[in-house]
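Below is one structure; the comments refer to it alone.
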Amino acid sequence: MTTTSPASTMRIGELARRTGVSARSLRYYEQQGLVHSTRSDGGQRLYSVDEVARIAIVRQLFDAGLSSKVIARLLPCVDSDDDGVSEAAFTTMVGERDRLTADITRLVEARDALDELIETNTRHRLAVRRGDRAADVRDSCR
């Protein structure tokens with residue numbers, strides 16, 4: 001049963017068009033508790049026009065590399081002026097930034113190690129092309 005007036009709601013296709021988010025993603029967002037809908041008498045999802053802005057925030061959070069579980073923990077901040085909720089969201093975001101920074105550090109280290117291997121392999125291939133039989137075959141993979 002519809003709990004909001006039809007003029008202030010839209011079906012999933014309209015919401016997808018307005019937000020640029022696929023209907024499939026919107027259903028996923030709803031399943032994860034990130035957006036909310038009501039149901040029409042016929043069982044179709046009806047979304048409030050307020051969900052357009054909420055989805056924009058959800059997209060920003062996904063674009064920042066956050067998971068749907070983390071986003072679900074942050075969204076109460078959008079719905080509340082409570083200072084404790086804002087502090088919890090801040091702490092969560094800082095923790096996620098620290099996690100991303102650690103991931104980036106590990107990726108840079110892995111890339112640097114691969115660069116060294118590529119350089120070693122390049123030197124080996126050049127030595128082999130020059131006919132330098134002294135080039136150790138094992139050097140090509142180090």
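We're numbering straight along the sequence, starting at 1.
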Shared ILVMFWY cluster between [X] and [Y], side chains joined below 4.5 angstrom?
{"X": "Tyr28", "Y": "Val35", "value": "yes"}
{"X": "Leu61", "Y": "Leu100", "value": "no"}
{"X": "Ile57", "Y": "Phe90", "value": "no"}

Do [X] and [Y] make a side-chain contact, defined as non-hydrogen atoms from C-beta onward lying under 4.5 Å apart?
{"X": "Met10", "Y": "Val52", "answer": "yes"}
{"X": "Ile55", "Y": "Arg18", "answer": "no"}
{"X": "Leu126", "Y": "Arg129", "answer": "yes"}
{"X": "Thr19", "Y": "Glu51", "answer": "no"}
{"X": "Gln44", "Y": "Arg39", "answer": "no"}

Nearest 0.5 angstrom please: [X] [atom1] to [Y] [atom2], how far?
{"X": "Asp112", "Y": "Glu109", "atom1": "CG", "atom2": "CD", "answer": "8.0 Å"}
{"X": "Leu66", "Y": "Gln60", "atom1": "CG", "atom2": "CD", "answer": "11.0 Å"}
{"X": "Arg73", "Y": "Ser67", "atom1": "CZ", "atom2": "OG", "answer": "7.0 Å"}
{"X": "Ile12", "Y": "Arg27", "atom1": "CD1", "atom2": "CZ", "answer": "4.5 Å"}
{"X": "Thr92", "Y": "Glu87", "atom1": "OG1", "atom2": "CD", "answer": "11.0 Å"}
{"X": "Glu96", "Y": "Leu74", "atom1": "CD", "atom2": "CG", "answer": "8.0 Å"}

Minimum heavy-atom distance Gly65-Arg99, with the two atoms named: O-NH2, 3.3 Å
Heavy-atom closest contact (Ala16 atom, Ser22 atom, distance): CB-C, 4.3 Å
Partner set under ring-ring contact (aromatic ring centres under 6.0 Å, His included) for Tyr29, not counting sequence neighbours: Phe62
Polar side chain donor-acceptor pair, Glu30 to Tyr47, under 3.5 angstrom: yes
Leu15/Val21 under side-chain contact (heavy atoms from CB on, under 4.5 Å): CA gap, chis, key distance, verdict: CA-CA 8 Å; Leu15 184 60; Val21 174; over 6 Å; no
Asp115, CG atom: more than 12 neighbouring heavy atoms under 6.0 Å: yes
NZ/NE/NH1/NH2 to OD/OE distance under 4.0 Å, Arg11 and Glu14: no
With sequence neighbours excluded, residues passing side-chain hydrogen bond (donor to acceptor under 3.5 Å, both in side chains) with Arg106: Asp103
Hydrophobic cluster of Ile104, others only, ordered by chain and residue number, side-chain cut-off 4.5 Å: Val108
Check: Ser80 side chain, Pro76 main-chain N or O, donor-acceptor pair, under 3.5 Å: no
